[in-house]
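Okay, so here's the structure we're looking at.
Only heavy atoms go into these numbers, but all of them, side chains included; no hydrogens, no water, no symmetry mates. Everything quoted here is computed from the prediction, not taken from an experiment.
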Amino acid sequence: MSQSATTAGVRALMQDFSLEMTGKDVEALREAAPLIPQGSRVNVTFLGNEDLQMRVTAAKAVKDLGFIPVPHISARRIHSEDELREFLQALADVDAAQHVFAVGGDPAEPLGPYGSSLEMLQSGVFPEFGVKDVSIAGYPEGHPDISEEVLSRELSGKVDYLAEHDMSAVILTQFGFDTAPVAKWLDELAAKNISAPVRIGTPGPAGIRRLLNYAKRFGVGTSAGIVKKYGFSLTNLMGSAGPDKFLQDLAAETETTNFTGTVGVHFYTFGGMAKTAEWAQDFTKKF
């Protein structure tokens, strides 16, 4: 691929990037806000140690600062349909329910009636509260606890269900260090005639040791060859690393796939929101 094509590809990836925050990151978001383009999507995670009010307060802060809140709703952490309705109503009350991320969640055993995000969507509750756009999870490198067959079936089921019920879908992937599985996975989507917009997850700049800890936690491949390809070495864990090389490789890889939908980037802000936003601003200027 020519340098000009790579430049155009990176610009396309970065044109509408999104970011991740927790309910505890409201002050961090306020600090980073001047560095983030207005209208950017900011996902608000659904952690087990955060309550409804904390999540809703964070989503409201995202909205008030001029961004698009995308609150996560973790199916296996929801205790009942009433709890799901309460959360969606609270989001609607602060005008933060149009965009959500429906995800399965971590508990080995569901805490309530929903064993998967598809089951939660099939409850039919979401449109009642003004949900128009649903992000769903994608796993280019697979999932440590879910078979490829189930992942494929569930993804297709969610895309079909959302289309049938007039809600748009966005596929948001787990982060990784290697673009090759991403390109293969995009071709697999194309083979299934899936063309929903995709946001490829990647960590913002962070300490190498922290990145490796998160990779281990989420079952992401971290062999010496893969992390070298990403741009750092397992023999030097004291430094930090950003996704510069990953994104340039991703721009080149996506041009070669059969996937016809748009491909963007979602940053996991392991190194901090301001640090990620500042890096994104500086990186974009290079292209």
Are M273 and F283 in one and the same hydrophobic cluster, where Ile, Leu, Val, Met, Phe, Trp and Tyr link if side-chain heavy atoms are under 4.5 Å apart?
yes

For the side chain of S152 and the backbone of E148, is there at least one donor-acceptor N/O pair under 3.5 Å apart?
no

Side-chain H-bond candidate by donor/acceptor type, S18 with H266, under 3.5 Å:
yes

With the side chain counted from C-beta on, respond yes when L29 and L19 share a heavy-atom pair under 4.5 Å apart, and no when they do not.
no

Counting only heavy atoms not in Q281 (residues, nucleotides, ligands), do more than 12 fall under 6.0 Å from its CD?
yes

Provide the full list of ring-ring contact (aromatic ring centres under 6.0 Å, His included) pairs with a residue in residues 10-60, sequence neighbours left out, each pair given once.
F17-F267, F46-F87

Looking at A97 and V100, what are the two nearest heavy atoms and their distance?
O-CG1, 3.8 Å

L189 vs I171 side-chain heavy atoms within contact, under 4.5 Å:
yes

Residue set satisfying salt bridge (Lys or Arg N to Asp or Glu O under 4.0 Å) with E164, at least two apart, ordered chain then number -> none

Donor-acceptor check, side chain of S156 to backbone of R153, threshold 3.5 angstrom: yes or no?
no

Of the non-hydrogen atoms in L91 and A59, which two are nearest, and what is the gap between them?
CD2-CB, 4.0 Å

Taking only residues two or more places apart in sequence, or in another chain, which ones meet K192 in a salt bridge (Lys or Arg N to Asp or Glu O under 4.0 Å)?
none

State, with a plain yes or no, whether a side-chain heavy atom of E253 is found less than 4.5 Å away from one of L186.
no

Go through it in stages, so that I can follow the logic: the residues are F67 and Q38, the test is side-chain contact (heavy atoms from CB on, under 4.5 Å), and I'd like the CA-CA distance, side-chain angles, deciding distance and then a yes or no.
CA-CA 6 Å; F67 309 120; Q38 286 286 287; 3.5 Å; yes

Walk me through whether I68 and V62 qualify under side-chain contact (heavy atoms from CB on, under 4.5 Å).
CA-CA 6 Å; I68 297 172; V62 173; 5.9 Å; no

So does L84 get a backbone contact from the side chain of Q89, meaning a donor-acceptor N/O pair under 3.5 Å?
no

Only counting residues at least two apart or in another chain, list the ones meeting salt bridge (Lys or Arg N to Asp or Glu O under 4.0 Å) with D95.
K63

Min side-chain heavy-atom separation E128-R85 under 4.5 Å:
yes

Between D16 and R199, is a salt bridge (charged side-chain N to carboxylate O under 4.0 Å, His left out) present by the stated rule, with each step listed?
CA-CA 10 Å; D16 180 32; R199 290 179 178 270; 2.8 Å; yes

Counting only N and O atoms by type, is there a donor-acceptor contact under 3.5 Å from the side chain of R77 to the main-chain atoms of G105?
no

Do side-chain atoms of N258 reach the backbone of D187 as a donor and acceptor pair under 3.5 angstrom?
no

Would a distance-only check, ignoring hydrogens and angles, find a side-chain to backbone donor-acceptor pair under 3.5 Å from R55 to E50?
yes

Using the rule that Ile, Leu, Val, Met, Phe, Trp and Tyr join whenever any side-chain heavy atoms are under 4.5 Å apart, tell me whether V94 and V26 fall into a single cluster.
yes

Given side chains that start at C-beta, do those of F259 and T254 come closer than 4.5 Å, heavy atoms only?
no

Are E141 and W185 packed together at the side-chain level, in the sense that at least one heavy-atom pair is separated by less than 4.5 angstrom?
no

For K60, look at atom NZ and say whether over 12 heavy atoms of other residues, nucleotides or ligands are found less than 6.0 Å away.
no

If you look at every heavy atom in S168 and D133, which pair is closest and at what distance?
OG-OD1, 2.8 Å

Check the surroundings of atom CD in E149: do more than 12 heavy atoms from other residues, nucleotides or ligands lie under 6.0 Å from it?
no

Would you say K132 has more than 12 foreign heavy atoms packed within less than 6.0 Å of its NZ?
no

Test: K275 and E278 ion pair at under 4.0 Å
no

From the list S135, P71, S117, S74, side-chain contact (heavy atoms from CB on, under 4.5 Å) with F101 holds only for S135

Across all chains, not counting sequence neighbours, the side-chain contact (heavy atoms from CB on, under 4.5 Å) partners of M167 are F126, P127, V131, V134, Y161, L162, H165

Less than 4.5 Å apart, side chain to side chain, heavy atoms only: is that true for E86 and L52?
yes

With a 4.5 Å limit on heavy-atom distance, are the side chains of L155 and Y139 in contact?
no

Contact summary for A75 and S116, nearest pair of heavy atoms
CB-O, 3.4 Å

Answer with yes or no whether the hydrophobic clustering places I73 together with F129; edges join I, L, V, M, F, W, Y residues whose side-chain heavy atoms lie under 4.5 Å apart.
yes

Working for side-chain contact (heavy atoms from CB on, under 4.5 Å), residues L65 and V42
CA-CA 11 Å; L65 287 166; V42 179; over 6 Å; no

Is a donor on one side and an acceptor on the other found under 3.5 Å between the side chain of T22 and the backbone of K24?
yes

Taking the side chain from T173 and the backbone from G201, do they hold a donor-acceptor pair closer than 3.5 Å?
yes

Write down the atom of G115, the atom of E119, and the distance for their closest heavy-atom approach.
N-OE1, 2.8 Å

Treating Ile, Leu, Val, Met, Phe, Trp and Tyr as nodes and any side-chain heavy-atom pair under 4.5 angstrom as an edge, say whether V159 and V170 lie in one connected cluster.
no

Treat each ILVMFWY residue as a node, draw an edge where side-chain heavy atoms are under 4.5 Å apart, and state whether L47 and F175 are in one component.
no

For a quick test of reading the model, state the closest non-hydrogen atom pair linking F177 to P203 and the distance between them.
CE2-CG, 4.2 Å

Do T179 side-chain atoms and F246 backbone N/O form a donor-acceptor pair below 3.5 Å?
no

Under the rule for salt bridge (Lys or Arg N to Asp or Glu O under 4.0 Å), what residues qualify as partners of E154, not counting sequence neighbours?
none

